[in-house]
Amino acid sequence: MKTINVGIIGNGFSAAFHVEAYRKVTGLNVCIRAIAGGSRERAESFARKHRIPIVYNDYRELLADPEIDVVDLCIPNVMHAGVAIEAAQAHKHIICEKPMTGYFGSPESAAGGDSFAKMALELALHSADEILQAVKDNHVKFMYAENWIYAPSVAKAKRLLQAGDSSILDIRAEESHSGSHAATSKRWETAGGGSLMILGSHPIAAAIHLKNYEGRLKNGEPIRVQSVVADMAPMTKSSAYQSVKEHWMVTDWVNVETWASVIITFTDGTKAVIFASFAVLGGIRNVMDIYTSNSVIKCNMTPNDGVMVYAPSADVFAKEHITEKLETKAGWNFASSDEDWVRGYNQEMQDFMECIAEDRPPISDGQLARDVLEVIYSAYLSYETGQRIDIMNNREEIKR
């Protein structure tokens, strides 16, 4: 059996849990061959900790390694497009964290009263199309690292939808927590958006995926997004939050929203309501409720009550992880028995490695990545204009 050699670009938070997921791939020979990080020192430290044999000075050296089959982009959002295109041209398969790309200009960059959100939408989709064209031209795979698609609860929901011959009428999904501490997440120029981009991309992807899945089951064609309407706010800059003395949430956001809500209408008239907030305490929320014609399916990735723990002091469990983004380990908490498995990271990498070995498409692919971008930037345009944005009509206008 041929070994699949992986090269990781980046050495931060996402790179760490991707490494753990690669180690749990079964039935295949997977080797994390090399890493290239932001600095040689950090890359070497990461390599020692995770037993990665080769450290390159920069990502271009890694791309030139003929032994590497697939590169994993665990780098700031603003770098995704350029590195992905270079990887495709180097004939490497690509695993890319969300978002696949975006628009990274300042919100103040629209001059003369022009629409910033309209420009962002057009340029983000143009960038996505450039990536997908490079992937096609060089006959490589683009694997969109969207873990919600692979979470066991979502996979079970798909089997239940098929067994019940159900029609999804209403999806209500949320990812929220008390805020990212990564500097690149706090300004549009490096993140490409705020809470909707960083958090909302996950439930948006899951909603699109489930409706696509339903459509293919019933009619052989995916059910697509028709339109979006959105509202947003810099919630931690509100007078209500600023008036309190003690701030438990991240507050040093620069020019991105920290709260967003989007209503998605699909081409069959059904709906999804998405929430994404950096103003929610109590640990990370990854939840999705699916209301169908003959059932209700509730997917609680985190929190869930598989393990509930109590401690009178945060010191009791200081050495053990409870769950991501938890403000305190004191009191009652929901401890995840295997957070990576519950949220789908292990299953994601299993699929990606199998699709390389078997030369088949991944479950989470470049088209889903582009669809998510289209919804997110259309939502920014909806918020800017105060109007519903008809995505299907926009597609037809572009074709004409």
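If you're wondering where the values come from, they're calculated on a predicted model, not measured in any experiment. Worth knowing before you read on, the calculation uses all heavy atoms, side chains too, and leaves out hydrogens, waters and symmetry mates.
- Each of Val229, Ile263, Val262 was checked for a side chain to side chain contact (heavy atoms under 4.5 Å, CB included) with Ser382, and the lone residue meeting it is Val229.
- With hydrogens and angles disregarded, no donor-acceptor distance shorter than 3.5 Å links the side chain of Lys329 to the backbone of Asp315.
- Within a 6.0 Å sphere centred on CD of Glu320, heavy atoms belonging to other residues, nucleotides or ligands number 12 at most.
- Residue Lys218 places its NZ atom among more than 12 non-hydrogen atoms of other residues, nucleotides or ligands, all under 6.0 Å distant.
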Test Val78 against Thr184 for side chain to side chain contact (heavy atoms under 4.5 Å, CB included), laying out the working first. CA-CA 9 Å; Val78 67; Thr184 55; over 6 Å; no
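- Of the possible donor and acceptor atoms, none in the side chain of Glu214 sits under 3.5 Å from a partner among the backbone N and O of Ile223.
- Side-chain contact between Met288 and Ile171 is present, with at least one heavy-atom pair separated by less than 4.5 Å.
- Checked against a 6.0 Å centroid threshold, the rings of Tyr380 and Tyr377 count as neighbours.
- By the 4.5 Å heavy-atom criterion applied to side chains, Met353 and Met143 are not counted as neighbours.
- Listed by chain and number, the residues in a ring-ring contact (aromatic ring centres under 6.0 Å, His included) with Tyr144 amount to none (sequence neighbours excluded).
- Residues meeting the salt bridge (Lys or Arg N to Asp or Glu O under 4.0 Å) test with Glu86, sequence neighbours left out: Arg60.
- The minimum heavy-atom distance between Phe104 and Asn77, with the atom names listed, is CZ-O, 3.4 Å.
- For the pair Asn333 (side chain) and Ala335 (backbone), a donor-acceptor distance under 3.5 Å is absent.
- The two residues Ala330 and Thr328 come nearest to each other via the heavy atoms N-OG1, 3.1 Å.
- In terms of the salt bridge (Lys or Arg N to Asp or Glu O under 4.0 Å) criterion, residue partners of Glu324 (sequence neighbours excluded) are, by chain and number, Arg343.
- For the pair Val250/Thr258, no side-chain contact is recorded, criterion being any heavy-atom separation below 4.5 Å from C-beta on.
- Distance alone, capped at 3.5 Å, places no donor-acceptor pair between the Asn255 side chain and the Ser106 backbone.
- Among residue pairs with one or both ends in residues 315-342, those qualifying as ring pair (Phe, Tyr, Trp, His ring centres under 6.0 Å) are Tyr310-Trp332; sequence neighbours excluded.
- By the salt bridge (Lys or Arg N to Asp or Glu O under 4.0 Å) test, Lys298 pairs with Asp289, sequence neighbours left out.
- The side chain to side chain contact (heavy atoms under 4.5 Å, CB included) test with Val342 is passed by exactly one of Thr323, Asn300, Asn304, Asn147: Asn304.
- Nearest heavy-atom pair across Lys158 and Ile363 is NZ-CG2, 4.4 Å.
- Note that the CG atom of Asn286 and the CH2 atom of Trp148 stand 5.0 Å from one another [nearest 0.5 Å].
- Among residues two or more places apart in sequence or in another chain, the salt bridge (Lys or Arg N to Asp or Glu O under 4.0 Å) test is passed with Glu20 by none.
- Rounding to the nearest 0.5 angstrom, the gap separating the CD1 atom in Ile8 from the CG atom in Leu73 is 10.5 Å.
- Pairs passing the salt bridge (charged side-chain N to carboxylate O under 4.0 Å, His left out) check and including a residue from residues 269-286, sequence neighbours excluded, read Glu174-Arg285.
- Ile356 and Ile94 fall within a single hydrophobic cluster, where Ile, Leu, Val, Met, Phe, Trp and Tyr are joined by side-chain heavy atoms under 4.5 Å apart, directly or via other members.
- Nearest heavy atoms, Ser295 versus Ser166: OG-OG, 3.8 Å.
- Not a single donor-acceptor pair under 3.5 Å links the side chain of Gln226 to the backbone N or O of Thr265.
- Tyr150 and Leu368 fall within the same hydrophobic cluster, where Ile, Leu, Val, Met, Phe, Trp and Tyr residues are linked whenever their side-chain heavy atoms come under 4.5 Å apart, directly or through other members.
- One finds the CD1 atom of Ile168 at 5.0 Å from the CG atom of Leu210 (value rounded to the nearest 0.5 Å).
- Contacts classified as side-chain hydrogen bond (donor to acceptor under 3.5 Å, both in side chains) and involving residues 121-143 (residues at least two apart or in different chains) are given here: Thr101-Ser127, Lys118-Glu122, His126-Glu130, Asp129-Arg370, Gln133-Asp137, Lys141-Asp359.
- Sorted by first and then second residue, the pairs that involve residues 1-13 and meet salt bridge (charged side-chain N to carboxylate O under 4.0 Å, His left out), not counting sequence neighbours, are Lys2-Asp69.
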Donor-acceptor contacts, no H, no angles, side chain residues 231-239, under 3.5 Å, sequence neighbours left out:
{"from": "Lys237", "atom 1": "NZ", "to": "Trp253", "atom 2": "O", "distance (Å)": "2.9"}
{"from": "Ser238", "atom 1": "OG", "to": "Met235", "atom 2": "O", "distance (Å)": "2.7"}
{"from": "Ser238", "atom 1": "OG", "to": "Tyr241", "atom 2": "N", "distance (Å)": "3.3"}

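- With a 6.0 Å radius and a threshold of 12 heavy atoms from other residues, nucleotides or ligands, Gln242 has its CD atom above the threshold.
- Put simply, Ile4 and Ile9 are part of the same group of oily side chains (I, L, V, M, F, W, Y) that touch within less than 4.5 Å, one to the next.
- With a 4.5 Å cut-off on side-chain heavy atoms, Val154 and Ile149 do not count as touching.
- Here the options are Lys325, Met249, His177, the test is side chain to side chain contact (heavy atoms under 4.5 Å, CB included), and the partner is Leu281; only Met249 passes.
- Here the CD1 atom belonging to Ile274 is positioned 8.5 Å from the CD1 atom belonging to Ile208, to the nearest 0.5 angstrom.
- Residues Ala272 and Phe266 come closest through the heavy atom pair CB-CE1, 3.8 Å.
- Counting only residues at least two apart or on different chains, the side-chain hydrogen bond (donor to acceptor under 3.5 Å, both in side chains) pairs with a member in residues 193-207 are Glu146-His202.
- To the nearest 0.5 angstrom, Arg23 atom CZ is 4.0 Å from Ile32 atom CD1.
- In this structure, the separation between CD1 on Ile284 and CG on Leu326 is 11.0 Å, given to the nearest 0.5 Å.
- Side-chain contact between Ile131 and His80: absent, with no pair of heavy atoms (C-beta onward) separated by less than 4.5 Å.
- Side-chain N or O atoms of Asn5 include one that pairs as donor or acceptor with a backbone N or O of Glu67 at under 3.5 Å.
- Within 6.0 Å of CZ in Arg187 there are 12 or fewer heavy atoms belonging to other residues, nucleotides or ligands.
- Cluster partners of Phe17, by chain and number: Phe13, Tyr345. The rule joins Ile, Leu, Val, Met, Phe, Trp and Tyr whenever side-chain heavy atoms lie under 4.5 Å apart.
- Minimum interatomic distance between Phe275 and Ser261 (heavy atoms only, all atoms of both residues): CE2-OG, 3.5 Å.
- You'll find the side chain of Ile95 reaches within 4.5 Å of the side chain of Met349, heavy atoms only.
- Side-chain atoms of Tyr213 and Leu217, non-hydrogen and from C-beta on, do get closer than 4.5 Å to each other.
- Using modelled atom types, one side-chain atom of Arg40 and one backbone atom of Val55 make a donor-acceptor pair closer than 3.5 Å.
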Take Gln350 and Asn346 through the side chain to side chain donor-acceptor pair (under 3.5 Å) test and state the conclusion after the steps. CA-CA 6 Å; Gln350 182 76 37; Asn346 301 346; over 6 Å; no
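- Under the 4.5 Å side-chain criterion, counting only non-hydrogen atoms from C-beta, Asn294 is not in contact with Asp165.
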